[in-house]
Enquirer: 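There's a structure below that I have some questions on.
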Protein chains: 2
Amino acid sequence: MVRRVVSANGSMRQGKSATTVFGSSRSESRAAVLKDVALRAGVDASTVSRVLRGDERKPARAETRERILQVARELGYRPNSVARSLRTRKTEAIGLVIPDAGNPGFAEIFKGVQTATAQTGWHVIVVEGRGPNHPDLGWERLVFEGRVDGVLVLTASLRDPLVQRVARSGVPLVLVNRRSDGVVGSVVVNDARGAEVAVDHLVSLGHRRIGHIAGPPTIDTGRRRTAGFRAAMRKHALPLRNSWIAGTDYTEAGGAEAARSLMDKSGPDLPTALYVASFLSGIGAMKVFKDAGLRIPHDISIIVSDELALAAHTNPPLTTVFMPVRRMGEAAATMLLAAMAQEPVADIVLPDEPQLVLRASTAPPGEGWRVSR
Amino acid sequence: MVRRVVSANGSMRQGKSATTVFGSSRSESRAAVLKDVALRAGVDASTVSRVLRGDERKPARAETRERILQVARELGYRPNSVARSLRTRKTEAIGLVIPDAGNPGFAEIFKGVQTATAQTGWHVIVVEGRGPNHPDLGWERLVFEGRVDGVLVLTASLRDPLVQRVARSGVPLVLVNRRSDGVVGSVVVNDARGAEVAVDHLVSLGHRRIGHIAGPPTIDTGRRRTAGFRAAMRKHALPLRNSWIAGTDYTEAGGAEAARSLMDKSGPDLPTALYVASFLSGIGAMKVFKDAGLRIPHDISIIVSDELALAAHTNPPLTTVFMPVRRMGEAAATMLLAAMAQEPVADIVLPDEPQLVLRASTAPPGEGWRVSR
DNA sequence: ACATAATAGCCAATCGATTGGAATAGGCCA
DNA sequence: TGGCCTATTCCAATCGATTGGCTATTATGT
């Protein structure tokens, strides 16, 4: 690790020492409820309810309506969503299950989800789910205690028992960037095509010895990127060596490990270019190669999947394949909203073309790696 | 509505064509409720409730208890959280209002919040609030429709009317990394000390002409970093020039703009080192300087606030001041939980020392900027 | 002017769980 | 055997909003 931590001399401060107890000020006046409005407007609560939610089937007299609206405004009335949910059996909330908030790709997906849900007034409960083995209390409860009307799952491995159980229970569920056996309803980007774009680019630069750092085989996205990679290599009639493919999870540490294993397995016969299935892994791999004395892109070209703002600032700046991740989040949320409205769902692959974002980590092959070990 | 999209080049694909309507499978058997368990166990619903939640004051006979537990297990009974919330007037959910999910610092705070809430089983509803002017329907409703028991706000400017309104309404609220006039209950890191650590470092390298890219003056954190910067400069008896200080928001574009304005204002008299109040701004500023032909750190040293994993991979790797951001999220959530339990709250500054993380973007001053324009 | 229809608004049940008070049964003591 | 106590369990109200059914009131038609 590069981190050299220098601690400064100790000091401790505390702000204003003022303290308050919320309970004291809270009771100043409890929030108005439907009955309060009804009483003050001299009508029944049911009438208030109908007026406020604009029930067409039983309109109120214009005069009554005005009076009710007026009183509601005066009292600052807001309908209690919990009571409403109990009666209507709708929470207007969805769950978003993510593997790790630290992964920068997640933020994009979340933004996509927000744009779809914010418009319709739905709320998003975010939970970090920890793998299929863990007790995973968090999102288990979310669903089975009826706190949400549906879930978006970004963590599912191919056979995640919890996912399958939820799907069977009938709670609307959409997988994002994932698929799971026997579960219908997923949105993924065109991973195979993304891999192809990457390989095409490397080939067009003149590379023929191309390797791959793959995602975990338990995750569908990882598999499809790898399959796409293999297909693209076949398309160009290029050799595929097992020693040029290393699997890993979607982390920086995993990428570093994969890079080391690649160097170990290949010896002096390292590929001249690498397609890495995740941004963070790419970062980790790049560091390992540089530390080993390889120059990027001179000795080895690197192209990674998923475009992030930070790719422009790495050393060297990373060539990436932009995958429409935000769109994916939006499409998934839209699909979930549809599913919750009893509409049919399907497994879809976003038709958006992955885009090559050209930077400095790829170039025509140099003389290759000839460092004695 | 499920969008069926057709792309230009006809690469549209659709996965398995199987589709299902959730409604059909859902009704296979509606979830068991309290009454179902009661009926089947031959007891009253109230008894079931007391047994399942382990009510000490009215214990059931051992035999009855076993029977109830058995039936509950058979039926897979889970208490409905909406009904429970209505009765108990507790949602066991909190709101987390963030300015922009794209900011990588947010992920850390979120993780801190999660560690505090996950243990106690509370859920987190995340909303992107858009500034104090916007209609901001999102988190307005969250609070006033009783969907959460409290909120953590990461967006508050010094006098955000919505924040003040919520605080007055008595809904427990804790500001994170922010403060707001007249609102008690906030957790911030020691920004002044962070700035001091940065300046001390630059001074120890031999810099005397030190500039600052500040956060927005409407945000308390930004102000305190700037105040800390000024104090540290005074401590070292170093000159402070207004042309060496530029304000901006916490974005990459803002940082770039600030850097340009700094070069414009200073002319050939640019500082030899810069303390930047946010990671993203630092990235943006660094790019502008490099594009202008400055070498970092030879011509200008840069140190930024907030440590992120990606700082190690920028070009050059960024020297940062690690602020205990995750701890801040955790402390804020803990404080909020306390506030919701009617305990007193205060404004606190985390005592954790900011840590210098030394990398390659800072070095002793070179000969300075002497490029004619 | 009378019958009928339309309209406005009220009543009461409901969603599902919690909780204070009442009721029943058995046990104990005199 | 009668009275009292305690351990269990049941009853019913409650949280706040929604909604089908019903009544009272007004409008319409002949």
Side-chain angles (χ1 to χ4, degrees), chain A residues 30-69 71-72 75-93 121 141 143-149, chain B residues 29-69 71-72 75-93 121 141 144-149:
Chain A
R30 105 190 170 303
V33 299
L34 202 52
K35 212 198 292 187
D36 300 330
V37 180
L39 242 51
R40 182 131 161 204
V43 295
D44 189 82
S46 59
T47 306
V48 177
S49 171
R50 283 190 241 260
V51 164
L52 292 181
R53 45 203 328 280
D55 190 331
E56 301 281 309
R57 298 179 308 166
K58 289 200 175 184
R61 212 179 348 159
E63 182 197 319
T64 328
R65 181 155 28 106
E66 287 313 318
R67 188 154 32 96
I68 289 174
L69 291 174
V71 171
L75 267 51
Y77 170 77
R78 307 296 302 267
N80 180 301
S81 71
V82 173
R84 171 180 288 176
S85 291
L86 179 59
R87 178 65 229 242
T88 62
R89 306 173 114 341
K90 290 195 179 327
T91 62
E92 303 215 321
R141 290 183 49 203
V143 170
F144 291 115
E145 296 182 0
R147 215 175 260 272
V148 295
D149 296 338
Chain B
S29 70
R30 107 190 170 304
V33 300
L34 204 53
K35 211 198 291 188
D36 301 329
V37 180
L39 241 52
R40 183 130 159 207
V43 295
D44 188 81
S46 59
T47 305
V48 177
S49 171
R50 283 191 240 259
V51 164
L52 291 181
R53 47 204 327 281
D55 189 330
E56 300 282 310
R57 297 179 309 166
K58 291 197 179 185
R61 213 180 347 162
E63 180 197 319
T64 331
R65 181 154 29 104
E66 287 313 317
R67 187 154 31 98
I68 290 174
L69 292 173
V71 171
L75 266 52
Y77 169 76
R78 305 297 302 269
N80 180 300
S81 71
V82 174
R84 170 181 288 177
S85 291
L86 179 59
R87 179 62 229 241
T88 61
R89 308 170 115 342
K90 293 196 178 322
T91 62
E92 303 214 322
R141 289 182 50 203
F144 291 115
E145 297 182 1
R147 214 176 260 272
V148 296
D149 295 338

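As the structure is a computational prediction, the values presented were derived from the model and not from experiment. Chain naming here is simple, since letters A, B, ... match the order of the sequence lines and numbering starts at 1 in each.
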Enquirer: Rounded to whole angstrom units, what separation is found between the CG atom of B:L39 and the P atom of D:dC10?
Expert: 11 Å

Enquirer: Indicate whether OP1 or OP2 belonging to C:dG16 is found under 4.0 Å from a side-chain N or O atom of B:R84.
Expert: no

Enquirer: Considering just the side-chain nitrogens and oxygens of B:T64, establish if one lies under 4.0 Å of OP1 or OP2 belonging to D:dT9.
Expert: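 So the side chain of B:T64 is within the cut-off, an N or O lying under 4.0 Å from OP1 or OP2 of D:dT9.
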
Enquirer: Could you tell me how far apart A:E145 (CD) and C:dT18 (P) are, to the nearest whole angstrom?
Expert: 10 Å

Enquirer: Need one value for B:D44: base, sugar-phosphate or nothing, where a base atom within 4.0 Å counts as base even if backbone is also close, heavy atoms only.
Expert: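 Base: the residue B:D44, judged by heavy atoms under 4.0 Å, touches a nucleobase.
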
Enquirer: Could you tell me how far apart B:D55 (CG) and C:dA17 (P) are, to the nearest whole angstrom?
Expert: 16 Å

Enquirer: How long is the span from the CD1 atom in A:I68 to the CD atom in A:E66, to the nearest 0.5 Å?
Expert: 10.0 Å

Enquirer: How close or far is atom C1' of C:dA17 from atom CD1 of B:I68, stated in whole angstroms?
Expert: 14 Å

Enquirer: Which atom names give the shortest non-hydrogen contact between A:A93 and A:R147, and what distance separates them?
Expert: CB-O, 4.0 Å

Enquirer: Considering heavy-atom distances to DNA chain D, does B:T88 or A:R53 have its closest nucleotide positioned more toward the 5' end?
Expert: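 In this pair, the answer is B:T88.
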
Enquirer: Between A:R67 and A:A41, is there a donor-acceptor pair closer than 3.5 Å when you use the side chain of the first and the backbone of the second?
Expert: yes

Enquirer: Write down the distance between CG (A:L86) and C1' (C:dT14), rounded to a whole number of angstrom.
Expert: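 Going from A:L86 (CG) to C:dT14 (C1'), I get 9 Å.
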
Enquirer: Which sits closer to the 5' end of DNA chain D, A:V82 or B:A60, going by the nucleotide each is nearest to?
Expert: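 The 5'-side residue here is B:A60.
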
Enquirer: Would you say the side-chain atoms of A:D149 pair up with the backbone N or O of A:T91, donor to acceptor, closer than 3.5 Å?
Expert: yes

Enquirer: Given C:dC10, is OP1 or OP2 found less than 4.0 Å from the side-chain N or O atoms of A:T47?
Expert: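 So the side chain of A:T47 is within the cut-off, an N or O lying under 4.0 Å from OP1 or OP2 of C:dC10.
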
Enquirer: Please report the distance, rounded to the nearest Å, between CG in A:L34 and P in D:dT19.
Expert: 12 Å

Enquirer: Measure from the side-chain N and O atoms of B:R40 to the backbone N and O of B:L75, and report whether any donor-acceptor pair falls under 3.5 Å.
Expert: no

Enquirer: Please state whether the base of C:dT14 and the side chain of A:R87 form at least one donor-acceptor pair under 3.5 Å?
Expert: yes

Enquirer: Can you build the contact string for nucleotides 20-26 of chain C? Use B for base contact, S for sugar-phosphate-only contact, and - for no protein heavy atom under 4.0 Å.
Expert: BBB----

Enquirer: Between the side-chain atoms of B:R61 and the base atoms of D:dT8, is any donor-acceptor pair under 3.5 Å?
Expert: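 By the distance-only test, no, there is no pair.
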
Enquirer: In the structure I gave you, are the side-chain heavy atoms of A:Y77 and A:L34 within less than 4.5 Å of one another anywhere?
Expert: yes

Enquirer: Rounded to the nearest 0.5 Å, what's the gap from CD on B:E92 to CZ on A:R141? Could you check?
Expert: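 Interatomic distance, B:E92 CD to A:R141 CZ, rounded to 0.5 Å: 6.5 Å.
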
Enquirer: In whole angstroms, how far is the C1' atom of D:dT18 from the NZ atom of A:K35?
Expert: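 Taking atom C1' of D:dT18 as the reference, NZ of A:K35 is at 15 Å.
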
Enquirer: Over how many whole Å does the gap from A:N80 atom CG to D:dA17 atom P extend?
Expert: 6 Å

